[in-house]
Amino acid sequence: MIAFVSGPVAALAPTLAVIEVGGVGMAVQCTPNTVSGLRIGEQARLATSLVVREDSLTLYGFADDDERQVFELLQTASGVGPRLAQAMLGVHRPDALRLAVSTGDEKALMAVPGIGKKGAQKLLLELKDKLGAPLGSSGLVGAQRVVASGPAPWSEQLSAALIGLGYASREADEAVSAVTPQAEAAIAAGGSAPVPQLLRAALQALNRAR
């Protein structure tokens with residue numbers, strides 16, 4: 001198993017980072033949040049999980065070991081493959097997922113693309129005794145702390161991801177404005193802003209503008 005990769009960042013895409021390791025470019029699948037913290041040419045260290053299939057070897061990368069552990073635990077639930085597990089971490093940080101499962105928060109899981117009401121209910125049952133409580137929390141006070149330190153507002157996440165991909169701050173701001181109606185519609189429907197889809201829409205808007 002490849003536990004981590006470390007080296008200069010050679011290339012970035014919305015959900016992919018290429019890390020140069022010993023003269024070899026390692027393509028690592030990442031969430032937009034993880035990509036947003038990387039910069040081309042700078043050193044990076046990503047915890048990784050290698051998923052082996054008959055016709056492919058795919059390396060998934062994470063900001064830290066905790067994310068990787070949650071990624072692997074999520075896949076112990078029936079119907080959850082690496083792509084859905086990564087999508088869940090793209091919407092929620094590890095402690096936010098632990099909190100959602102420990103409190104039976106269906107809506108939090110339904111905010112993940114590809115998870116409906118029945119799927120969320122099933123996941124809550126299967127993951128209840130696997131993810132555990134939010135790290136460093138105990139009781140209501142701990143739960144409140146996790147909520148307070150949860151994911152940044154969607155606009156900040158999106159802007160950071162675009163800047164990490166090499167766009168200027170002005171371009172990032174314009175792209176965020178372009179997809180704001182889409183984000184507000186998702187929130188009004190009772191969910192949360194789907195950052196991965198918003199990032200794709202923002203990139204399309206930027207490409208049309210150029």
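These values consider heavy atoms only, across backbone and side chains, with no hydrogens, waters or symmetry-generated copies. One is the number of the first residue; the rest follow in order along the sequence.
- A pairwise comparison of heavy atoms in Val5 and Val28 identifies CG2-CG2, 4.2 Å as the closest pair.
- Here Lys117 pairs with Glu106 under the salt bridge (charged side-chain N to carboxylate O under 4.0 Å, His left out) rule; sequence neighbours left out.
- The nearest pair of heavy atoms linking Cys30 to Val35 is CB-CG2, 3.8 Å.
- Leu46 CG to Met26 CE: the interatomic distance, rounded to the nearest 0.5 Å, is 11.0 Å.
- Hydrophobic clustering places Val51 together with Leu73 (ILVMFWY residues linked when any side-chain heavy atoms are closer than 4.5 Å, directly or through intermediates).
- Contact detail for Ile19 and Ala44: the closest heavy-atom pair is CD1-CB, 4.3 Å.
- For the atom pair NZ (Lys130) and CG (Leu123), the distance works out to 10.0 Å, reported to the nearest 0.5 Å.
- Under the 3.5 Å distance criterion, the side-chain polar atoms of Thr180 are matched with a main-chain donor or acceptor of Val176.
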Set out, in order, the CA-CA distance, both residues' side-chain angles and the distance that settles salt bridge (Lys or Arg N to Asp or Glu O under 4.0 Å) for Asp95 and Arg98, then state yes or no.
CA-CA 5 Å; Asp95 264 359; Arg98 292 187 182 99; 2.8 Å; yes
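- To the nearest 0.5 Å, atom CE of residue Met110 and atom NZ of residue Lys118 are 12.0 Å apart.
- The two atoms that bring Leu199 and Pro14 nearest to each other are CD2-CB, 3.7 Å, heavy atoms only.
- For NZ of Lys107, the number of neighbouring non-hydrogen atoms (other residues, nucleotides, ligands) closer than 6.0 Å is 12 at most.
- Among pairs with a residue in residues 49-59, none fulfils salt bridge (Lys or Arg N to Asp or Glu O under 4.0 Å), at least two apart in sequence or across chains.
- Nearest heavy-atom pair, Thr34 versus Ala63, reported as atom, atom and distance to 0.1 Å: OG1-N, 4.0 Å.
- In this structure, the side chains of Leu131 and Leu74 come closer than 4.5 Å at one or more pairs of heavy atoms.
- For Phe71, the ring-ring contact (aromatic ring centres under 6.0 Å, His included) partners are Tyr60, Phe62, not counting sequence neighbours.
- Hydrophobic clustering (side-chain heavy atoms under 4.5 Å, transitive across Ile, Leu, Val, Met, Phe, Trp, Tyr) groups Leu124 together with Leu89.
- The backbone N or O of Ile2 sits less than 3.5 Å from a side-chain atom of Thr48, completing a donor-acceptor pair.
- Checked by atom type and distance alone, the side chain of Glu126 pairs as donor or acceptor with a backbone atom of Ser78 at under 3.5 Å.
- Using a distance-only test at 3.5 Å, with no hydrogens or angles considered, no donor-acceptor pair links the side chain of Ser159 to the main chain of Ser155.
- Screening Glu67, Gln29, Glu72, Arg68 for a side-chain hydrogen bond (donor to acceptor under 3.5 Å, both in side chains) with Ser49, the sole residue that qualifies is Glu72.
- Note that CE of Met88 and CD of Gln75 are 10.5 Å apart. Values are rounded to the nearest 0.5 Å.
- A donor-acceptor contact shorter than 3.5 Å is absent between the side chain of Arg83 and the backbone of Val80.
- Looking only at distances, no side-chain donor or acceptor of Gln182 sits under 3.5 Å from a matching main-chain atom of Val179.
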